[in-house]
Each structure stands twice: as C-alpha cells, then as structure tokens.
Amino acid sequence: MGEKPDRTIDKRGSFRAEKTVLEAARDFNMLEVGDSILISISGGPDSTFLAHTLYGLKDEYNLTLYGFCLDHMTRSGRSTLDAAFVKKLCRKLDIRLFSEKIDARKWCRANKLSFQAGARKLRMSRLEEISRKYNITKIAVGHNSDDNIETFLMRLIRGAGARGLSGIKPVSGNIIRPLINTS
C-alpha cells in the first residue's frame, strides 16, 4: 500500500479525522489498490466527509469512485435539496453519480416496514444492484463511531444476549465503513 502521504493539518483540523479514517481502512483491510467504490452519499456531514476523504485517497490507492444518492422525497422537499447538493459535490469531485428519487414513505407502507428500516433496506438494495451491474468492488457507507455506540445501546436496551451485543462491523461482505472509528 505504500508509505503514508505527507499531509498538513488544515484550519478545520481535518487531518486528524482523515488519519483516523486511513487507520481504520488499513486496520480492517478496507481498501486495496485498484478498488472501485460506490459511496452512499446523502448530503449530510458524514457522507460528505466520506466522499471527500475517499477522494483524497483516490490517487494513493488508484481508486475509481462512484456516488449514489437516493432522494426519499421527504422533509417537505429538503431531501430534494440534499440530492441537488450531492449532484454538485460529485460534479466537483469528478465522481460519477447514480441518483434516484423514490417516495420512500409510500414504499415503506406498501412493504409494511417502518420508515427507518424500509428506507435503509431500499437504499442498500439499490446500492447492491448498482454495485453488481457495474462491477463495483466495494460499497462505502458513512457509519461512524457514534452510530456504532448507538447500535450497541439499542441492542442492549432491546435485551440482546451476549452474541447480539455487538456494534456495527467495519467490513461486512463488500460493505466498508471507513468512518467507523471517527466521531
């Protein structure tokens, strides 16, 4: 994988977070030279940081990056504004974007799922379909250390046994979570 690139700390202190992402990627063998990665980008701070960070590693790892954004048609049109932001971001970073617009509430009702569970299922199924169709080797999602703690606590509250008391796996099949150690 080569030597770590020389990077300086910028005014926002992003070097520390980028270093944490790079360490997680190395510790959990998330990245290989020549990977193609489909990044799930919502337009929120986590997925936006993920896109920027993977873009920063693009040359070092010879990565081919793709983005995916699902406009859930929620929050009184704000999800559409988020999708427009993602489109601009991907254009700026020269990342090919796959985007879709689906009435997630309607889809969840039709499939008898809660909105959160249904939207996650819908998003992951689309990510997996695109990944297969375009032979993309990895899917990167923006789960971070806060999400990991939340998942553990929710499982604890629900009474999970010792086997069920785990957090989010950093790597699960072709799904990678480079922000897993980043708060």
Side-chain angles (χ1 to χ4, degrees), residues 17 21 24-25 28 30-32 34-59 61-148 150-151 154 167-180 182:
V21 170
F28 299 108
M30 290 182 194
L31 300 177
E32 294 179 32
D35 273 341
S36 55
I37 301 176
L38 179 59
I39 310 165
S40 180
I41 312 172
S42 67
D46 297 338
S47 64
T48 300
F49 174 71
L50 177 61
H52 277 283
T53 302
L54 288 173
Y55 180 79
L57 296 172
K58 182 179 175 182
D59 292 337
Y61 284 90
N62 189 30
L63 301 175
T64 303
L65 301 177
Y66 301 89
F68 173 74
C69 180
L70 178 60
D71 178 353
H72 294 90
M73 299 173 61
T74 57
R75 299 179 289 119
S76 302
R78 288 193 306 267
S79 64
T80 301
L81 294 175
D82 289 343
F85 169 79
V86 171
K87 185 176 181 178
K88 286 165 98 175
L89 172 68
C90 287
R91 191 177 314 125
K92 177 183 172 187
L93 298 178
D94 195 27
I95 294 174
R96 179 179 177 185
L97 177 66
F98 300 95
S99 62
E100 295 185 27
K101 189 173 191 171
I102 298 174
D103 186 337
R105 289 201 189 286
K106 185 176 178 181
W107 187 90
C108 292
R109 279 193 299 271
N111 289 280
K112 297 180 176 148
L113 296 167
S114 70
F115 180 77
Q116 187 174 8
R120 184 182 323 105
K121 182 175 183 163
L122 184 60
R123 196 170 43 253
M124 289 308 297
S125 70
R126 293 303 300 134
L127 285 162
E128 289 169 0
E129 285 175 33
I130 292 166
S131 175
R132 277 191 305 272
K133 182 176 180 179
Y134 293 94
N135 295 314
I136 300 170
T137 55
K138 307 235 171 101
I139 298 170
V141 295
H143 294 129
N144 60 46
S145 63
D146 298 333
D147 297 321
N148 202 13
E150 180 182 310
T151 298
M154 289 303 296
I168 301 169
K169 292 180 181 178
V171 177
S172 181
N174 68 333
I175 309 291
I176 61 171
R177 296 174 175 87
L179 305 184
I180 199 69
T182 308

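We're numbering straight along the sequence, starting at 1.
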Output, in order, the C-alpha distance, side-chain angles, deciding distance and verdict of side chain to side chain contact (heavy atoms under 4.5 Å, CB included) for Phe49 and Val21. CA-CA 10 Å; Phe49 174 71; Val21 170; 3.8 Å; yes
For a 4.5 angstrom cut-off between non-hydrogen side-chain atoms, does Asp46 reach Leu179? yes
To the nearest 0.5 Å, tell me how far Ile176 CD1 sits from Leu31 CG. 5.0 Å
Donor-acceptor under 3.5 Å (Ser36 side chain, Thr137 main chain): yes
When you measure from the centre of the six-membered ring of Phe115, is the NZ or CZ of Arg109 under 6.0 Å away and within 45° of the axis? no
How many angstroms lie between SG in Cys90 and CD1 in Ile95, if you round to the nearest 0.5 Å? 5.0 Å
Taking all non-hydrogen atoms of both residues, which atom of Asp35 and which atom of Lys138 are closest, and how far apart? OD2-NZ, 2.6 Å
Between His72 and Arg123, is there a side-chain donor-acceptor contact under 3.5 Å, judged purely by atom types and distance? yes
Would you check if the side chain of Ser99 reaches a backbone N or O of Cys69 as a donor-acceptor pair within less than 3.5 Å? no
Check this for me: Lys58, atom NZ, are more than 12 non-hydrogen atoms of other residues, nucleotides or ligands nearer than 6.0 Å? yes
For a 4.5 angstrom cut-off between non-hydrogen side-chain atoms, does Ile180 reach Phe28? yes
Measuring from atom CZ of Phe98 to atom CD of Glu129, what distance do you get when rounded to the nearest 0.5 angstrom? 12.5 Å
Please name the pair of heavy atoms, one in Ser172 and one in Arg177, separated by the smallest distance, quoted to 0.1 Å. CB-NH1, 3.9 Å
Does any N or O in the side chain of Ser79 come within less than 3.5 Å of the main-chain N or O of Arg75, such that one atom is a donor and the other an acceptor? no
Assess the residue pair Asp71 and Glu100 against the criterion (side chain to side chain contact (heavy atoms under 4.5 Å, CB included)); give the C-alpha distance rounded to whole Å, side-chain angles, the decisive distance to 0.1 Å, and a yes or no. CA-CA 6 Å; Asp71 178 353; Glu100 295 185 27; over 6 Å; no
Leu65 side chain near Leu93 side chain, heavy-atom distance below 4.5 Å: no
When you measure from the side chain of Ser131 to the backbone of Ile136, do you find a donor-acceptor pair of N or O atoms at a distance under 3.5 Å? yes
Keeping the roles fixed (side chain from Ser47, backbone from Gly142), state whether a donor-acceptor pair exists under 3.5 Å. no
Take Ile130 and Phe68 through the test side chain to side chain contact (heavy atoms under 4.5 Å, CB included) and record every step on the way to the result. CA-CA 9 Å; Ile130 292 166; Phe68 173 74; 3.4 Å; yes
Atom CD1 of Ile175 and atom CD1 of Ile139: how far apart are they, to the nearest 0.5 Å? 4.0 Å
CH2 of Trp107 to NZ of Lys121, rounded to nearest 0.5 Å, is 5.5 Å
Between Phe85 and Thr48, the two heavy atoms sitting closest are CE2-OG1, 3.5 Å
Taking all atoms of both residues into account, what is the closest heavy-atom pair of Gly67 and Ile41, and its distance? CA-CD1, 4.1 Å
Given Tyr61 and Glu32, is the side chain to side chain contact (heavy atoms under 4.5 Å, CB included) satisfied, shown in steps? CA-CA 7 Å; Tyr61 284 90; Glu32 294 179 32; over 6 Å; no
Find the distance between CD1 (Ile39) and OG1 (Thr53) and round it off to the nearest 0.5 Å. 9.5 Å
Minimum-distance pair of heavy atoms, taken over all atoms of Ser42 and Gly44: OG-N, 3.1 Å
Could you report the tightest heavy-atom contact between Cys108 and Gly118, atom names first, then the distance? SG-CA, 3.5 Å
